[in-house]
A.B. asks: 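Mind looking over this structure? Questions follow.
Atoms within a ligand are numbered from 1 in the order they appear, just like the ligands themselves. As the structure is a prediction and not an experimental result, all values here were calculated from the model.
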Amino acid sequence: MSGRLAGKVVVITGAGSIAAGWGIGKATAVACARAGARVVAADIDAAAAAETARLVTEEGGEALAATVDVADAGSVEALAELAMARFGRVDVVHNNVGIGKVGGPLDTAIEDWDRVHRTNVTALLIAAKAFLPGMRERRSGVFLTTSSIAGWRYVGFPHLAYSVTKAAATHFTRMIAAQYAAEGIRAVTIVPGLMDTPRIRLTVARAFPDMPFEDLRAQRDAQVPMGTMGDGWDVAHAVVFLASDEARYITGTELVIDGGLSLTVSGG
Ligand SMILES: NC(=O)c1ccc[n+]([C@@H]2O[C@H](COP(=O)([O-])OP(=O)(O)OC[C@H]3O[C@@H](n4cnc5c(N)ncnc54)[C@H](O)[C@@H]3O)[C@@H](O)[C@H]2O)c1
């Protein structure tokens with residue numbers, strides 16, 4: 001395989017989609033494979049992971065589907081072992097799972113708060129423990145995290161647990177970057193804005209039950225200076241760059257992919 005990621009092994013979590021269409025992880029898996037990477041498409045939904053791997057192999061790429069719960073340390077250790085057994089190394093891990101629970105402090109149950117933290121933040125610690133040792137041995141690796149502009153600002157409806165965990169995910173990633181920069185390991189946070197992925201039909205639509213989905217979509221488009229939401233591919237292409245050696249001097253920072261949304265006063 002030739003391409004910007006030739007020879008690299010990329011593990012992507014949340015590499016499926018919760019419904020038909022292209023989620024960020026699914027697009028990223030296909031984009032990385034098109035760039036020459038061997039890909040591990042990992043998802044809690046076995047069928048969704050298999051679908052992504054199938055799309056890659058159908059195009060002539062190399063992919064392994066894996067079932068994982070990123071919130072479970074044993075499951076992630078098994079994922080790392082599986083990737084090592086099949087490919088012998090992991091060069092890039094893209095921590096792409098994010099769950100939410102719509103609500104503010106008064107209507108967020110502590111159980112939900114803990115569950116969202118476990119999946120969005122503790123999972124990063126779990127992934128670090130599973131994947132950093134191999135990267136340290138090879139003195140090379142990339143640790144990518146999908147955050148959200150919700151981790152920076154109010155997004156127009158109360159999404160407290162999600163927002164707080166996305167802020168934490170960004171800082172966690174910076175801390176990895178700082179500690180391991182001298183060992184050849186880079187860590188970068190990807191910060192999408194409003195993206196048109198299958199998830200918004202469920203999560204965001206749930207926050208506005210009285211609004212027809214097409215009106216909601218138009219409202220989200222209208223908030224963005226570029227006039228439209230982004231999609232999974234906008235993130236996927238950025239991940240290909242960040243995972244590649246062309247980004248070798250980029251670490252400890254955030255790449256915002258939001259059509260200019262974060263420049264506005266009220267968007268989000
Ligand atoms: N869609 C947006 O507007 C948007 C905006 C900003 C940030 N993000 C972030 O981007 C990432 C991907 O979003 P998306 O909309 O493409 O995702 P999505 O909702 O399509 O989810 C991707 C996959 O994650 C899997 N998943 C859920 N819990 C898991 C777990 N515990 N272990 C393993 N897999 C699990 C799901 O099965 C799904 O296939 C998330 O971190 C999300 O917070 C999305």
Side-chain angles (χ1 to χ4, degrees), residues 11-30 40-53 65-76 78-79 93-102 115-124 126-127 144-153 155-156 159 161-170 173 189-207 216-217 220-221 223-224 228-236 238-239 254-259 261-262 267-268:
V11 174
I12 299 150
T13 62
S17 266
I18 50 174
W22 292 94
I24 289 170
K26 186 175 177 182
T28 299
V30 171
V40 181
D43 203 285
I44 200 166
D45 179 340
E51 157 77 357
T52 300
T67 310
V68 72
D69 178 358
V70 295
D72 181 277
S75 175
V76 176
L79 171 67
V93 59
H94 179 196
N95 301 285
N96 176 63
V97 172
I99 63 167
K101 176 74 183 165
V102 172
R115 185 174 52 82
V116 173
H117 276 72
R118 178 96 195 167
T119 300
N120 294 3
V121 184
T122 310
L124 299 177
I126 291 171
L144 300 174
T145 305
T146 308
S147 182
S148 166
I149 58 163
W152 290 353
R153 62 194 300 171
V155 293
H159 210 186
Y162 180 78
S163 302
V164 169
T165 56
K166 289 300 187 181
T170 301
T173 308
T189 305
I190 295 133
V191 186
L194 296 174
M195 313 309 279
D196 193 356
T197 68
R199 118 190 321 251
I200 67 160
R201 282 187 181 267
L202 298 171
T203 320
V204 183
R206 209 179 291 137
L216 178 60
R217 170 181 272 157
R220 277 167 75 89
D221 284 341
Q223 290 178 61
V224 184
T228 177
M229 286 186 277
D231 64 22
W233 293 98
D234 294 313
V235 177
V239 171
E254 291 86 52
L255 180 55
V256 182
I257 303 166
D258 73 347
L261 182 66
S262 51

A.B. asks: Answer with yes or no whether A27 contacts ligand 1, where contact means a heavy atom under 4.0 Å from a ligand atom.
C.D. replies: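 Not so, A27 does not reach ligand 1.
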A.B. asks: Tell me, which protein residue and heavy-atom name are nearest atom 16 (O) of ligand 1, and how many Å apart are they?
C.D. replies: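 Its nearest protein heavy-atom neighbour is I24 N, 2.7 Å.
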A.B. asks: Checking the side chain of N96 only, and the main-chain atoms of G14 only, is there a donor and an acceptor separated by less than 3.5 Å?
C.D. replies: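 Pair found, side chain donor or acceptor close to backbone of G14.
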A.B. asks: Using a 4.0 Å cut-off to any heavy atom of G23, which atoms of ligand 1 qualify?
C.D. replies: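 In order of number, 16 (O).
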A.B. asks: So do M195 and I200 actually touch side chain to side chain, heavy atoms under 4.5 Å?
C.D. replies: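 No, their side chains stay 4.5 Å or more apart.
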A.B. asks: Do T52 side-chain atoms and A15 backbone N/O form a donor-acceptor pair below 3.5 Å?
C.D. replies: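 Yes, the answer is positive, given that a donor and an acceptor are paired below the 3.5 Å cut-off.
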A.B. asks: Given side chains that start at C-beta, do those of N95 and V70 come closer than 4.5 Å, heavy atoms only?
C.D. replies: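 Counting from C-beta outward, N95 and V70 never come under 4.5 Å.
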A.B. asks: Of all the non-hydrogen atoms in the protein, which one sits nearest to atom 32 (N) of ligand 1, and at what distance?
C.D. replies: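 Here the nearest protein heavy atom works out to V70 N, 3.1 Å.
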A.B. asks: From atom 28 (N) of ligand 1, work out which of T197, V76, V97 has a heavy atom at the shortest distance.
C.D. replies: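 Selected option, by shortest heavy-atom distance: V97.
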A.B. asks: Quick one: does any side-chain atom of D43 pair with a main-chain N or O of G16 as donor and acceptor, under 3.5 Å?
C.D. replies: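 Judged by distance alone, yes, a pair lies under 3.5 Å.
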A.B. asks: Does any N or O atom in A71 lie less than 3.5 angstrom from one in ligand 1, N or O only?
C.D. replies: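 It does not: no N or O of A71 is found under 3.5 Å from an N or O of ligand 1.
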A.B. asks: Taking the side chain as every heavy atom from C-beta outward, state whether W233 and V30 have any atom pair closer than 4.5 Å.
C.D. replies: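 When only atoms from C-beta onward are counted, V30 and W233 do touch, with a gap below 4.5 Å.
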A.B. asks: Which ligand 1 atoms, with their elements, are less than 4.0 angstrom from a heavy-atom of D69?
C.D. replies: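 In order of number, 30 (C), 31 (N), 32 (N).
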A.B. asks: Any side-chain to backbone donor/acceptor pair from D221 onto V224? Under 3.5 Å, distance only.
C.D. replies: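 No; judged by distance alone, with no hydrogens or angles, the pair does not exist.
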A.B. asks: Write out the residue and atom name of the closest protein heavy atom to atom 38 (C) of ligand 1, then the distance separating them to 0.1 Å.
C.D. replies: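 Checking every protein heavy atom, the shortest distance to atom 38 (C) of ligand 1 gives D43 OD2, 3.3 Å.
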A.B. asks: Answer side chain, backbone, both or neither: which part of I18 comes under 4.0 Å from ligand 1, heavy atoms only.
C.D. replies: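 For I18, the contact with ligand 1 is made by both the backbone and the side chain.
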A.B. asks: Considering only protein heavy atoms, which is closest to atom 13 (O) of ligand 1, and at what distance to one decimal place?
C.D. replies: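 Answer for atom 13 (O) of ligand 1: R199 NE, 3.6 Å.
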A.B. asks: Out of all atoms in ligand 1, which are within 4.0 Å of some heavy atom of G98? Include the element for each.
C.D. replies: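 Matching atoms, with element in brackets: 40 (C), 41 (O), 43 (O).
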A.B. asks: What residue and atom, counting heavy atoms only, is the protein's closest point to atom 5 (C) of ligand 1, and at what distance?
C.D. replies: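 Ranked first by proximity to atom 5 (C) of ligand 1 is G193 O, 3.1 Å.
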A.B. asks: Below 4.0 angstrom from a heavy atom of G14, which ligand 1 atoms are there? Numbered from 1 as shown, please.
C.D. replies: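 Reading through ligand 1 atom by atom, the close ones are 22 (C), 23 (C), 24 (O), 25 (C).
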A.B. asks: Output yes when a side-chain donor or acceptor of T119 lies under 3.5 Å from a complementary backbone atom of V116, and no otherwise.
C.D. replies: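 No.
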A.B. asks: Please state which protein non-hydrogen atom is closest to atom 4 (C) of ligand 1 and give its distance, to 0.1 Å?
C.D. replies: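 Checked against all protein heavy atoms, atom 4 (C) of ligand 1 sits closest to M195 CG, 4.1 Å.
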A.B. asks: Would you say P192 and ligand 1 have an N/O pair spaced under 3.5 Å apart?
C.D. replies: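 It does not: no N or O of P192 is found under 3.5 Å from an N or O of ligand 1.
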A.B. asks: Is ligand 1 less than 4.0 angstrom away from at least one heavy atom of Y162?
C.D. replies: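 Under 4.0 Å: yes for Y162.
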A.B. asks: Could you tell me which atoms of ligand 1, counted from 1 in the order shown, lie closer than 4.0 angstrom to a heavy atom of R220?
C.D. replies: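 That gives atoms 3 (O) of ligand 1.
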A.B. asks: Identify the residue among D196, D258, I257 that makes a side-chain contact (heavy atoms from CB on, under 4.5 Å) with D234.
C.D. replies: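 When D196, D258, I257 are each tested with D234, the side-chain contact (heavy atoms from CB on, under 4.5 Å) holds only for I257.
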A.B. asks: Could you see which bit of S147 sits under 4.0 Å from ligand 1, with heavy atoms only: side chain, backbone, both or neither?
C.D. replies: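 For S147, only backbone atoms sit under 4.0 Å from ligand 1.
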A.B. asks: Can any side-chain N or O of S147 pair as donor or acceptor with the backbone N or O of K166 at less than 3.5 Å?
C.D. replies: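 Flag set: sc S147 to bb K166 pair under 3.5 Å.
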A.B. asks: For ligand 1, is there an atom lying under 4.0 Å from some heavy atom of P198?
C.D. replies: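 The answer is no: ligand 1 sits nowhere under 4.0 Å from a heavy atom of P198.
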A.B. asks: Specify the protein heavy atom at minimum distance from atom 9 (C) of ligand 1: its residue, its atom name, and the distance to 0.1 Å.
C.D. replies: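 Result for atom 9 (C) of ligand 1: T146 CG2, 3.6 Å.
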A.B. asks: Short list, please: which atoms of ligand 1 are under 4.0 Å from a heavy atom of V68?
C.D. replies: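 What qualifies from ligand 1 is 32 (N), 33 (C).
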A.B. asks: Pick out which of I24, I18, V235, D231 makes a side-chain contact (heavy atoms from CB on, under 4.5 Å) with T197.
C.D. replies: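 Of the listed residues I24, I18, V235, D231, the side-chain contact (heavy atoms from CB on, under 4.5 Å) partner of T197 is I24.
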A.B. asks: Examine the proximity of ligand 1 to K166 and report which part, side chain or backbone, both or neither, has a heavy atom under 4.0 Å away.
C.D. replies: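 Only the side chain of K166 comes within reach of ligand 1.
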A.B. asks: Determine, using heavy atoms of T13 and all atoms of ligand 1, whether some pair is separated by less than 4.0 Å.
C.D. replies: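 No; T13 lies far enough from ligand 1 that no heavy-atom distance drops under 4.0 Å.
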A.B. asks: Heavy atom under 4.0 Å from ligand 1: found in N96's side chain, backbone, both, or neither?
C.D. replies: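 The part of N96 near ligand 1 is both the backbone and the side chain.
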